[in-house]
Amino acid sequence: MRFTSLWPRVEDLAAAPLDAVLREWAGLGYYARARNLHACAQAVVRDHGGVFPDTAAGLQTLPGVGAYTSAAIAAICFDERIAVLDGNLDRVLARYYALPVPVRNAKDALRGALQIAVPARAGDFAQAMMDLGATICAPRTAYCLVCPIQPGCLATREGAPERYPIKPEKAEKPVRRGHAFVMTDASGDVYLQSRPGKGLLGGMTEVPTSIWAEDAGEPIYPATGEWRHRGQVVHVFTHFRLELEIWSAIVLPEALDGGWWSEPAALKGEALPTLFRKVLAQAGLG
DNA sequence: CACGCGTGGCT
DNA sequence: TAGCCAAGCGT
């Protein structure tokens, strides 16, 4: 609610500095969403006179608004007769058709099948189907006895609906290793810097680190000081596991540029992702 | 178009 | 504890 209080109208969000938006988003993850939300507000103001498009096709041109979101808004807000396919519906339909392949290999077929079934009041239909998936055709348990579409369901007929959806093979997570350097000046302020705008944790705040690689290598300290090893932080991302050796030292500020010094009390207001909050905590800050 | 994205809840 | 999982968008 802080978020909507700060920027109650789309014009307000569009006019906000991106780094302020990222600060409010810090800790929530998927930081591309915050950047897209901001870009979306700007697109609505710049290209649509501050009014959102009222069709799925129009909505889908906005940053961060894809097939699901555009269809959901169009059906629910504008009564467009369009199929809304979310993760719940993927599961419901995979069971209904006893889909023999992972959902991602049959997405278009599922959407086509659902589109044919969409009645008038498409928004109510969409919400009812998503609720069916969330409560009756649930991930771990399918309560087929109370399911309104059970009579046509092929997975139920087979006798084991929970076998679906078939999961794709999962690749194993590589490990990356590196060093993180927590520097304070004589007054106890901490050195922070910005990550590049795109990619992993894009635009967020960090402390300096080495390259993350299979082999951490020896630490190359970014400034002169009495460096102390403060243990290790492990963080698991979607596709790799990161193991950082934590180092801290009191250094001379003159040796550094490009970043800024933050009082420890101000750290909670910085756009620090959870990884770097763990790093600072491990170094005895925050 | 298969993969990358971050975090928290659950087991 | 550590591992598994989630929902959807962009590239």
Side-chain angles (χ1 to χ4, degrees), chain A residues 3 21-41 43 56-76 82-94 101-111 114 126-127 129-135 137-141 162 164-176 180 195-206 209 212 231-244 268 270-281 286:
Chain A
F3 202 97
V21 175
L22 290 175
R23 268 201 301 280
E24 291 303 313
W25 200 269
L28 297 181
Y30 282 103
Y31 298 101
R33 286 183 175 175
R35 295 196 298 274
N36 281 334
L37 192 63
H38 185 247
C40 179
L59 288 158
Q60 203 168 341
T61 67
L62 298 171
V65 179
Y68 164 74
T69 309
S70 60
I73 296 171
I76 293 168
I82 186 169
V84 181
L85 198 57
D86 77 341
N88 286 313
L89 265 293
D90 286 345
R91 180 178 56 258
V92 172
L93 296 175
V101 297
V103 165
R104 70 179 182 197
N105 299 88
K107 200 84 177 175
D108 290 347
L110 290 186
R111 182 174 287 103
L114 183 60
Q127 296 189 68
M129 291 300 288
M130 291 190 280
D131 280 350
L132 174 70
T135 61
C137 198
R140 307 178 72 100
T141 314
E162 290 89 355
Y164 301 93
I166 292 179
K167 308 245 159 147
E169 294 293 314
K170 55 169 194 251
E172 84 280 14
K173 248 170 227 194
V175 177
R176 294 192 203 168
R195 295 180 60 81
K198 303 247 173 197
L200 182 72
L201 306 177
M204 303 301 290
T205 296
E206 65 174 4
T209 73
W212 305 346
Q232 193 183 51
V233 160
V234 175
H235 191 78
V236 181
F237 290 99
T238 312
H239 277 82
F240 67 96
R241 169 188 170 95
L242 179 64
E243 300 176 358
L244 286 181
K268 63 179 172 307
E270 300 280 0
L272 286 160
T274 295
L275 164 63
F276 291 104
R277 294 195 184 272
K278 284 195 214 170
V279 169
L280 289 165

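Numbers restart at 1 for each chain; the letters A, B, ... are given by sequence-line order, proteins then strands.
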Legend entry - Distance, P atom - from dC9(C) to dG9(B), rounded to whole angstrom: 23 Å
Legend entry - R195(A) CZ to F276(A) CZ distance, which is reported to the nearest 0.5 Å: 5.0 Å
Legend entry - Sidechain-backbone polar pair: R91(A) side chain, C137(A) backbone, donor-acceptor under 3.5 Å: yes
Legend entry - Rounded interatomic separation in angstrom, taking CG from L85(A) and P from dA7(C): 12 Å
Legend entry - Sugar-phosphate or base contact per nucleotide [nucleotides 5-11 of chain B; S, B, -; heavy atom under 4.0 Å]: BBBS---
Inset, instruction - Round to a whole Å and report the spacing from CZ of R241(A) to C1' of dT1(C). - result: 11 Å
Legend entry - Test side chain to side chain donor-acceptor pair (under 3.5 Å) applied to W25(A) - qualifying residues, sequence neighbours left out: none
Legend entry - Between C1' of dC5(C) and CG of N88(A), the distance in whole Å: 14 Å
Inset, instruction - Could you state the atom-to-atom distance from CG of L59(A) to C1' of dG8(C) in whole Å? - result: 16 Å
Legend entry - Under the side chain to side chain contact (heavy atoms under 4.5 Å, CB included) test, residues paired with Y30(A) that sit two or more places apart: R33(A)
Inset, instruction - Determine: side-chain N/O of K167(A) to OP1/OP2 of dA6(C), distance under 4.0 Å, yes or no. - result: yes
Legend entry - Spacing between L37(A) atom CG and dC9(C) atom P, to the nearest angstrom: 13 Å
Legend entry - Secondary-structure stems for DNA chain B, with pairs counted as Watson-Crick or G-U when both distances are under 3.5 Å and runs at least 3 long: B:2-5 with C:8-11, B:7-11 with C:2-6
Legend entry - Whole-Å C1' distance, dG10(C) and dG8(B): 23 Å
Legend entry - All salt bridge (charged side-chain N to carboxylate O under 4.0 Å, His left out) counterparts of D86(A), not counting sequence neighbours: none
Inset, instruction - Select base, sugar-phosphate, or nothing to describe what N36(A) touches, counting heavy atoms under 4.0 Å on all strands. - result: sugar-phosphate
Inset, instruction - Please identify each residue that fulfils side chain to side chain donor-acceptor pair (under 3.5 Å) with R111(A), with sequence neighbours left out. - result: none
Inset, instruction - Return the set of residues passing side chain to side chain contact (heavy atoms under 4.5 Å, CB included) with E24(A) (not counting sequence neighbours), or none when no residue passes. - result: R2(A), F3(A), L6(A), W7(A)
Inset, instruction - Mind checking side chain to side chain donor-acceptor pair (under 3.5 Å) for K107(A) and listing every partner two or more places apart, or none if nothing turns up? - result: D90(A)
Legend entry - Separation of dG10(C) P from H38(A) NE2 (nearest whole Å): 17 Å
Legend entry - side chain to side chain donor-acceptor pair (under 3.5 Å) partners for H38(A), two or more places apart: none
Inset, instruction - Figure out the CZ/P separation between R104(A) and dC9(C), and round it to whole Å. - result: 17 Å
Legend entry - Rounded interatomic separation in angstrom, taking CD from Q60(A) and C1' from dT11(C): 15 Å
Inset, instruction - Using a heavy-atom cut-off of under 4.0 Å over every strand shown, decide if P139(A) touches base, sugar-phosphate, or nothing. - result: nothing
